Amino acid sequence: MRKFQIPLVAAATALATVSGVLTAPPLLAATPDITVDTVSSYQTIDGFGAATPIFGGSGSPWTTSETQTLVGTGPGQLGLSIIRTVVSPVSSEWGLYASSLQTAKSYGSDVRILASPWTAPANFKTSNSRVNGGKLRTDYYDDYANHLYGYVQYMKTQGVTIDVTSVQNEPDWHPDYDSMDWTGTELRDWVRDQGAKVRDTRLMVGESLRFNRAYSDPTLQDATARDNIGYVGGHLYDAENSGNLSAYPLATQYGKNQWMTEWNLHAADGNGSNIWGNPSNATVWNETLDDVMRTVHRSMESGWSAYIWWYGRRFYSFIGDGDAQYGTTKGAVLRRGQAFSQYSKYVRPGDRRVAVSKSSRTSSLEVTAYRGRGKTTLVILNRSNNAVNNAVIQTPQSISTAEHTVTSQTLGAATQPATVSDGQATVTIPARSISTLTVNDGPAPTVPPTNPPTTPPTVPPTNPPTGTCQVTNSVSAWNTGLVDNITITNTGTSAIIGWSLSFTLASGQTITSGWNATYSPTSAQVTATNVSHNASIPPGGSTTIGFQASHSGNSAAPRGFTLNGAACG
């Protein structure tokens with residue numbers, strides 16, 4: 001595109017004529033310090049979360065109030081969108097956390113439940129013991145599938161959908177508590193031969209101690225096994241030193257979102273146990289910012305779709321557990337929880353990470369950006385000792401409003417000033433802080449009418465007329481399956497409020513899972529209907545949905561798109 005330069009003095013002094021009236025031109029936009037590029041996009045976010053208590057002695061189930069604090073998105077709440085829980089080897093214990101999970105599902109927004117088993121029942125194992133590892137006996141492979149399926153069905157009777165079920169927590173770790181040993185090949189064999197029996201949930205494979213890909217690669221490389229899983233997972237213990245806090249191309253190639261499902265750090269204990277109850281303690285804050293929040297940032301940059309901390313309620317976690325030794329109040333939000341909420345509360349399931357660039361003035365900042373729900377969200381880590389004053393943020397869409405929230409050693413998820421001018425937002429990023437800037441798109445620019453209208457304007461329709469929607473596809477296919485990411489763009493001038501996208505799948509294709517919409521039926525003529533977080537598409541805005549499907553040789557993209565009955569371009 002050819003660029004034309006206007007001399008600065010002339011631009012500053014010229015007069016423009018609009019409708020015959022002399023007006024001063026708009027001020028020149030400031031040079032941006034952080035620029036968002038929504039054309040270049042990466043992973044879709046599934047969420048941020050934490051675990052319920054897992055073992056006996058780790059505390060009672062979360063109360064209703066505690067659960068609401070953890071998953072709610074209101075003032076003082078943390079907005080977790082994934083809750084991890086345990087599949088006990090003893091079925092009589094399955095209901096222990098059902099009430100907490102019910103509350104999380106009903107009170108939170110798009111909350112998903114991940115259930116992880118630490119071990120199979122003792123009599124299923126070569127060691128006949130729950131602890132110290134031991135392998136699942138091959139003659140009990142089908143019984144283990146029925147065990148996991150039984151848990152999913154039991155929780156359904158309690159009003160809880162188990163969205164994701166892991167095959168095994170830490171198959172490479174064999175401590176003197178509940179544990180079970182697997183190799184990557186054994187996991188592949190079990191998933192290939194038994195995985196389809198665990199219905200009404202999506203299986204996850206991996207969850208190794210160091211996100212070791214040797215525990216998920218064999219499953220991904222086997223077409224039958226691969227089709228039986230929805231996700232790969234892993235933990236962060238020593239993952240950076242192992243080189244595994246990084247992109248996972250094989251999982252991405254096959255459309256399997258990657259979840260970081262456990263990490264736990266509280267080395268700050270050595271500086272005095274009562275430090276955890278002090279929100280302004282420097283040692284706690286330094287660990288929170290430099291270690292915990294940094295790994296969230298790096299996980300997002302690595303293309304992972306979820307980050308799940310260990311216990312949500314603990315003296316070193318998001319809300320206190322009331323343990324007198326550590327000085328926290330049970331159920332009270334801790335500074336670490338406020339810091340984590342800069343991601344969990346503002347980056348929501350279905351948002352898509354997009355590219356950012358920085359000026360030299362902001363080169364020390366660690367920034368990720370996300371697009372969804374007609375908003376752009378930036379999470380900014382400033383781990384330096386210097387504030388960045390009056391940082392100018394620019395997005396491809398003109399910014400109409402901006403909300404800036406900051407957590408630091410002295411600020412707990414506090415609203416800070418944000419100014420909007422000439423379609424840009426300007427904020428100050430405090431030293432040693434994590435902050436979130438959420439910006440809303442402005443209306444598309446229009447030319448003022450020469451004469452005022454003689455009739456009052458009509459109320460804009462909620463559904464677009466024919467020709468005001470555009471659909472683009474991105475299909476990745478392999479021998480028996482495919483993933484299709486579909487972007488719906490509102491090219492009209494009215495907001496779309498509530499939508500259904502209809503299309504025709506190629507012969508032999510059947511949808512096996514989907515995201516950011518509900519799909520019915522799963523073959524032939526399909527209708528995808530919005531979920532709560534993407535029900536509205538503003539003028540010029542877009543939303544991305546997708547599905548995974550099996551096919552019998554024809555991997556062609558869908559055709560015949562209509563949105564609310566109107567044909568799309």
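Values in this document were obtained by computation on a predicted structure and should not be read as measured data.
Seen from the ring of F124, R137 does not count as a face-on cation partner, given the 6.0 Å and 45° thresholds. For the pair R353 and Y42, the cation-pi test (distance below 6.0 Å, angle within 45°) is passed. Cation-pi geometry between R213 and Y248 is met: under 6.0 angstrom from the ring centre, within 45 degrees of the axis.
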Tell me, with the steps shown, if E366 and R294 meet salt bridge (Lys or Arg N to Asp or Glu O under 4.0 Å). CA-CA 8 Å; E366 296 163 288; R294 177 183 57 81; over 6 Å; no
Might you work through the side chain to side chain contact (heavy atoms under 4.5 Å, CB included) test for Y154 and V152, ending with a clear yes or no? CA-CA 6 Å; Y154 169 81; V152 172; over 6 Å; no
Would Y307 and F48 count as a ring pair (Phe, Tyr, Trp, His ring centres under 6.0 Å) here? Give the steps. CA-CA 5 Å; Y307 186 108; F48 301 86; 7.4 Å; no
Should W190 and T138 be marked as a side chain to side chain contact (heavy atoms under 4.5 Å, CB included) after you check the CA-CA gap, both sets of side-chain angles, and the distance that decides it? CA-CA 9 Å; W190 185 90; T138 55; over 6 Å; no
For side chain to side chain contact (heavy atoms under 4.5 Å, CB included), just list the numbers for Y97 and I83, CA-CA rounded to whole Å, side-chain angles, deciding distance to a tenth of an Å, and then say yes or no. CA-CA 11 Å; Y97 304 117; I83 303 300; over 6 Å; no
Assess whether side chain to side chain contact (heavy atoms under 4.5 Å, CB included) is satisfied between R130 and V90, documenting all intermediate values. CA-CA 10 Å; R130 290 172 52 161; V90 180; 3.4 Å; yes
What do the steps show when you test D46 against N257 for side chain to side chain donor-acceptor pair (under 3.5 Å), and what is the final call? CA-CA 8 Å; D46 290 323; N257 285 4; 2.9 Å; yes
Criterion salt bridge (Lys or Arg N to Asp or Glu O under 4.0 Å) on D163 and R202, from CA distance to verdict: CA-CA 6 Å; D163 301 277; R202 295 295 289 159; over 6 Å; no
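Looking at L80 and K345, their side chains never come closer than 4.5 Å, going by heavy atoms from C-beta outward. Side-chain atoms of R84 and I82, non-hydrogen and from C-beta on, never get closer than 4.5 Å to each other. With contacts defined as side-chain heavy-atom distances shorter than 4.5 Å, the pair L236/E262 does not qualify.
Between the side chains of S502 and T527, at least one donor-acceptor pair of N or O atoms lies under 3.5 Å. No donor-acceptor contact under 3.5 angstrom links the side chains of T487 and S542, judged on distance only. At a cut-off of 3.5 Å, with distance as the only test, a side-chain donor of T504 or Q525 sits close to an acceptor on the other residue. If you check the side chains of Y151 and S91, you find no donor sitting under 3.5 Å from an acceptor. For Q342 and T436, the side-chain atoms include at least one donor-acceptor pair closer than 3.5 Å. Residues T85 and T52 have side chains that bring a donor and an acceptor to within less than 3.5 angstrom of each other. Between T161 and K156, the side chains place no donor N or O within less than 3.5 Å of an acceptor N or O (distance only, hydrogens not considered). There is no side-chain donor-acceptor pair under 3.5 Å between D143 and N146. When only modelled atom types and interatomic distance are considered, N473 and D484 share a side-chain donor-acceptor pair under 3.5 Å.
Heavy-atom contacts from other residues, nucleotides or ligands closer than 6.0 Å to CH2 of W173 number 12 or fewer.
At distances below 3.5 Å, not a single donor-acceptor pair connects side-chain atoms of S242 with backbone N or O atoms of N244. For the pair R348 (side chain) and G79 (backbone), a donor-acceptor distance under 3.5 Å is present. Formation of a donor-acceptor pair under 3.5 Å by the Q168 side chain with backbone atoms of W182 is not found in this model. Looking at T376, its side chain never comes within 3.5 Å of a backbone N or O of R371 through a donor-acceptor pair. Side-chain atoms of N534 come within 3.5 Å of backbone atoms of V531 as a donor-acceptor pair (strictly under, hydrogens ignored). Side chain of N554 to main chain of A506: no donor-acceptor pair is present (N/O by atom type, distance under 3.5 Å, no hydrogens or angles). Put simply, the side chain of R210 never gets that close to the backbone of E240: no donor and acceptor are under 3.5 Å apart. Formation of a donor-acceptor pair under 3.5 Å by the T185 side chain with backbone atoms of T183 is not found in this model. With D178 contributing its side chain and W118 its backbone, the two residues share no donor-acceptor pair below 3.5 Å. Between the Q258 side chain and the G233 main chain, no donor and acceptor come within less than 3.5 Å of each other.
Under the ring pair (Phe, Tyr, Trp, His ring centres under 6.0 Å) rule, Y326 has a single partner from F315, W276, Y316, which is F315. Partner of R226 under the side chain to side chain contact (heavy atoms under 4.5 Å, CB included) criterion, chosen from Q221, R192, K256: K256. The one candidate from F211, Y231, W259 that meets the ring pair (Phe, Tyr, Trp, His ring centres under 6.0 Å) condition with W304 is F211.
Nearest heavy atoms, K197 versus Q194: NZ-OE1, 2.7 Å. Taking each heavy atom of S81 and S109 in turn, the nearest pair found is CB-O, 4.4 Å. Pairing each heavy atom of R352 with each of S41, the nearest pair is NE-OG, 3.2 Å. Between V205 and T219, the shortest heavy-atom distance links the atoms CG2-OG1, 3.9 Å. Annotation for W499 and A517: closest pair CH2-CB, 4.3 Å, computed over non-hydrogen atoms. The two atoms that bring L245 and S299 nearest to each other are CD1-OG, 3.6 Å, heavy atoms only.
Within the model, atoms CG of D217 and CG of D222 stand 12.5 Å from one another, a figure rounded to the nearest 0.5 Å. Remark: M155 CE to Q102 CD distance equals 7.0 Å, nearest 0.5 Å. The CD1 atom of I434 sits 10.0 Å away from atom OG1 of T288, with the distance rounded to the nearest 0.5 Å. One finds the OG atom of S216 at 10.5 Å from the CE atom of M204 (value rounded to the nearest 0.5 Å). With rounding to the nearest 0.5 angstrom, the CD atom of E207 is 3.5 Å from the OG1 atom of T261. Residue D351 holds its CG atom at 9.0 Å from OG1 of T44, rounded to the nearest 0.5 Å.
The distance between the ring centers of F503 and F561 falls below 6.0 angstrom. Aromatic rings of F318 and F340 (six-membered ring for Trp) have centroids within the 6.0 Å cut-off, being under it.
Using a 30° and 60° split on the angle between ring planes, H147 and Y144 fall in the parallel class, below 30°. Between F55 and W310, the ring planes are tilted. Angles from 30° to 60° get that label.
Remark: R313 does not engage D321 in a salt bridge, criterion side-chain N to carboxylate O under 4.0 Å.
Taking D181 as the reference, K135, H174 meet the side chain to side chain contact (heavy atoms under 4.5 Å, CB included) condition, with sequence neighbours excluded.
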